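All remarks here apply to the structure that follows.
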2 protein chains.
Amino acid sequence: LVETRNLVKTYVLGSETINAVNGVSLSIERGEYVAIMGTSGSGKSTFMNMIGCLDTPSSGEVLIDAIPTSDRDSDALAKLRNEKIGFVFQQFNLLARTSALDNVAVPLIYAGQPSAKRQEKSAAKLTAMGLGDRLDHTPAKLSGGQQQRVAIARALVTEPLILLADEPTGALDSRTSDDIMAIFQELNAQGITIIVVTHESEVADHAKRRIEFRDGKVIEDRMVTNR
Amino acid sequence: LVETRNLVKTYVLGSETINAVNGVSLSIERGEYVAIMGTSGSGKSTFMNMIGCLDTPSSGEVLIDAIPTSDRDSDALAKLRNEKIGFVFQQFNLLARTSALDNVAVPLIYAGQPSAKRQEKSAAKLTAMGLGDRLDHTPAKLSGGQQQRVAIARALVTEPLILLADEPTGALDSRTSDDIMAIFQELNAQGITIIVVTHESEVADHAKRRIEFRDGKVIEDRMVTNR
Ligand SMILES: Nc1ncnc2c1ncn2[C@@H]1O[C@H](COP(=O)(O)OP(=O)(O)OP(=O)(O)O)[C@@H](O)[C@H]1O
Ligand SMILES: Nc1ncnc2c1ncn2[C@@H]1O[C@H](COP(=O)(O)OP(=O)(O)OP(=O)(O)O)[C@@H](O)[C@H]1O
Ligand SMILES: [Mg+2]
Ligand SMILES: [Mg+2]
């Protein structure tokens with residue numbers, strides 16, 4: 001479902017060259033549950049942004065459903081992202097002047113759904129995250145973990161085939177984190193492909209495969225036996 | 001050193017009232033190392049902002065060095081914050097168009113230090129955080145964990161008496177997190193008072209006292225035996 005071939009992302013700042021992702025080739029099948037780990041700055045978010053079609057490679061290929069993203073024009077890419085991919089950003093990326101409810105509804109606007117349906121689905125997702133009493137709060141009026149849960153709700157509201165979650169429990173206490181893990185487990189049981197970047201072993205332990213990054217490369221890629 | 005008496009913070013949004021902090025009385029002595037834990041939305045950041053003199057209580061008192069913050073005017077409060085308190089924000093709060101080096105130097109500008117000294121101290125702090133090769137990167141050109149380390153460096157550059165750290169390892173892998181814990185341990189050994197909000201037991205285990213919040217109140221406050 002998701003494949004990369006010699007994927008590279010390089011940044012040039014003045015005289016220095018940074019190889020954020022430095023040649024990654026891997027393949028993730030439909031229905032997998034993968035944990036991506038690695039040291040700070042090892043290229044995990046950069047990699048996620050490329051397979052999520054939010055960023056273009058410097059060289060190499062990303063293929064979604066066997067079609068290279070470079071073969072799709074920007075409208076087709078936007079449509080693919082909106083319909084098939086749900087992305088939880090490491091820094092949430094919520095709209096500051098917008099309520100939790102309207103933040104979650106944004107992907108449904110792109111999907112062309114009518115207003116009543118958008119409100120209903122968004123409210124349902126936020127309630128499932130324990131935020132039913134925070135629907136009209138803007139991000140500044142929410143705690144860090146509440147903002148993170150709004151970001152998760154937004155990623156799930158279009159019922160994506162592929163969930164890409166970059167540190168989705170970084171701001172959550174262990175009980176709230178368990179709730180999120182149960183939701184992810186349920187989605188994976190329904191066939192949703194999950195790729196989660198995490199530094200917490202409690203989260204990585206739910207995945208069936210573990211990929212480790214260092215200095216822009218994959219240094220380990222193995223199946224893990226669940227508890 | 002830090003004391004609160006019946007501390008309350010209430011938000012009113014339309015017809016609803018939110019008791020973010022709902023009557024907290026506690027006292028932290030010079031040199032303590034305290035971990036604050038609790039569920040998402042339980043009032044931890046709101047509490048930290050008040051004892052860090054960044055936010056004013058709705059009622060109750062905050063006393064720093066036995067002086068109520070309400071007895072100080074805003075200049076005196078700003079001076080106290082700048083000279084005695086280092087704050088690591090849950091969401092970093094870095095200046096977006098400013099390099100890592102200049103972000104870290106900001107508190108030294110307020111402290112009236114000359115430019116060469118500011119650059120030297122900021123570079124030293126960032127290098128100690130493993131970011132010596134990222135000094136001129138702006139936040140958008142840094143990974144999540146690198147931004148978090150810039151926020152930590154900035155909190156430490158004035159050599160504060162009190163370090164208030166809100167989820168300082170939320171975006172860090174375990175090895176980088178260990179490095180930060182070693183730095184905090186060293187500071188506490190030198191007499192610096194450390195109050196850290198965390199949801200990670202590996203971080204809480206370094207503290208000597210553990211305070212747990214729920215629904216704006218303290219439900220547990222005990223000394224913990226370190227390994
Ligand atoms: N400006 C505001 N207006 C209204 N409610 C607010 C505001 N800021 C915070 N709150 C609410 O106050 C409560 C406490 O927030 P706080 O940020 O202190 O929680 P927290 O314990 O730090 O949570 P987390 O672990 O998720 O970071 C939350 O329920 C939040 O929704
Ligand atoms: N726009 C940019 N310009 C220059 N360098 C960048 C840019 N974005 C990221 N980098 C660098 O690329 C490297 C990889 O960044 P990335 O965000 O992918 O790391 P990460 O593995 O997600 O780290 P973390 O665990 O801290 O979130 C980092 O060293 C970072 O400094
Ligand atoms: Mg990252
Ligand atoms: Mg908080």
Side-chain angles (χ1 to χ4, degrees), chain A residues 11-16 18 20 36-46 48 89-92 94 99 129-131 133-149 166-167 169-180 197-202 204 212-214, chain B residues 11-16 18 20 36-46 48 89-92 94 99 129-131 133-149 166-167 169-180 197-202 204 212-214:
Chain A
Y11 295 106
V12 179
L13 290 190
S15 61
E16 69 168 335
I18 294 166
I36 295 180
M37 306 185 84
T39 56
S40 176
S42 56
K44 308 180 296 294
S45 296
T46 305
M48 291 284 272
F89 294 92
Q90 188 170 7
Q91 313 223 3
F92 318 157
L94 301 177
S99 69
M129 296 280 148
L131 296 174
D133 60 354
R134 292 283 183 276
L135 301 183
D136 54 358
H137 284 233
T138 54
K141 300 193 196 303
L142 293 171
S143 77
Q146 290 168 343
Q147 292 178 36
Q148 186 154 51
R149 283 180 277 162
D166 197 346
E167 297 282 1
T169 62
L172 300 177
D173 60 283
S174 52
R175 246 182 62 209
T176 313
S177 194
D178 287 346
D179 296 342
I180 300 304
V197 172
T198 184
H199 66 266
E200 301 191 33
S201 48
E202 298 82 349
E212 183 157 354
F213 272 69
R214 179 157 33 177
Chain B
Y11 295 105
V12 179
L13 291 190
S15 61
E16 70 168 335
I18 294 165
I36 295 181
M37 304 185 85
T39 54
S40 177
S42 56
K44 308 179 295 295
S45 296
T46 304
M48 291 284 271
F89 295 92
Q90 187 169 10
Q91 314 222 4
F92 318 158
L94 300 178
S99 68
M129 294 280 149
L131 296 175
D133 60 353
R134 292 282 183 277
L135 300 183
D136 54 356
H137 285 230
T138 54
K141 300 192 195 306
L142 292 170
S143 76
Q146 290 167 344
Q147 292 178 34
Q148 186 154 50
R149 283 180 276 161
D166 197 346
E167 298 282 0
T169 61
L172 302 177
D173 59 282
S174 53
R175 248 183 59 209
T176 313
S177 194
D178 288 346
D179 296 342
I180 299 304
V197 172
T198 184
H199 65 267
E200 301 190 34
S201 49
E202 299 83 350
E212 183 158 353
F213 272 70
R214 178 154 39 175

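The sequence lines fix the lettering, A, B, ..., with proteins before strands; numbering per chain opens at 1. Please read all numbers here as calculations on a predicted model, not as lab measurements. When reading the values below, keep in mind they use all heavy atoms of this one structure, side chains included, and skip hydrogens, waters and symmetry mates.
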(message) I need the residue from Gly145(A), Gly170(A), Ala20(A) with the largest number of non-hydrogen atom pairs under 4.5 Å to chain B.
(response) Gly170(A)

(message) Which atoms of Asp133(A) are under 4.5 Å from chain B, going by heavy atoms: the side chain, the backbone, both sets, or neither?
(response) backbone

(request) Below 4.5 Å from any heavy atom of chain B, which atoms of Leu142(A) appear? Answer side chain, backbone, both or neither. (result) neither

(message) For Gln146(A), which atoms come within 4.5 Å of any heavy atom of chain B: side chain, backbone, both, or neither?
(response) both

(request) Work out which heavy atom in Thr198(B) is nearest to a heavy atom in Glu167(B); give both atom names and the distance. (result) CA-OE1, 3.7 Å

(request) Show your reasoning for whether side chain to side chain contact (heavy atoms under 4.5 Å, CB included) applies to Lys44(A) and Asp173(B). (result) CA-CA 11 Å; Lys44(A) 308 180 296 294; Asp173(B) 59 282; 5.8 Å; no

(request) Name the region of Ser42(A), side chain, backbone, both or neither, that has any atom closer than 4.5 Å to a heavy atom of chain B. (result) neither

(request) Between chain A and each of Ser143(B), Ala171(B), Ser40(B), count heavy-atom pairs under 4.5 Å; write down the option with the most. (result) Ser40(B)

(request) Applying side chain to side chain contact (heavy atoms under 4.5 Å, CB included), run through His137(B) and Leu131(B) and close with a yes or a no. (result) CA-CA 10 Å; His137(B) 285 230; Leu131(B) 296 175; over 6 Å; no

(message) Checking side chain to side chain contact (heavy atoms under 4.5 Å, CB included) between Phe213(B) and each of Thr39(B), Ile36(B), Thr46(B), which is the one that passes?
(response) Ile36(B)

(message) Within this structure, what is the CG-CD distance for the pair Asp136(B) and Glu16(A), rounded to the nearest 0.5 Å?
(response) 6.0 Å

(message) At a 4.5 Å cut-off on heavy atoms, which part of Lys141(A) comes close to chain B: side chain, backbone, both, or neither?
(response) side chain

(request) Could you tell me which portion of Gln148(B) (side chain, backbone, both or neither) has an atom closer than 4.5 angstrom to a non-hydrogen atom of chain A? (result) neither

(request) Kindly indicate, with the supporting measurements, whether the criterion side chain to side chain contact (heavy atoms under 4.5 Å, CB included) is fulfilled by Ser174(B) and Glu202(B). (result) CA-CA 9 Å; Ser174(B) 53; Glu202(B) 299 83 350; over 6 Å; no

(message) Just so I understand: if I count every heavy-atom pair under 4.5 Å between each of Ile18(B), Asp166(B), Thr176(B) and chain A, which residue has the most?
(response) Ile18(B)

(message) Let's go through Gln147(A) and Gln91(B) carefully: what are the C-alpha distance in whole Å and the side-chain angles of both, what is the deciding distance for side chain to side chain contact (heavy atoms under 4.5 Å, CB included) to 0.1 Å, and is it a yes or a no?
(response) CA-CA 11 Å; Gln147(A) 292 178 36; Gln91(B) 314 222 4; 3.2 Å; yes

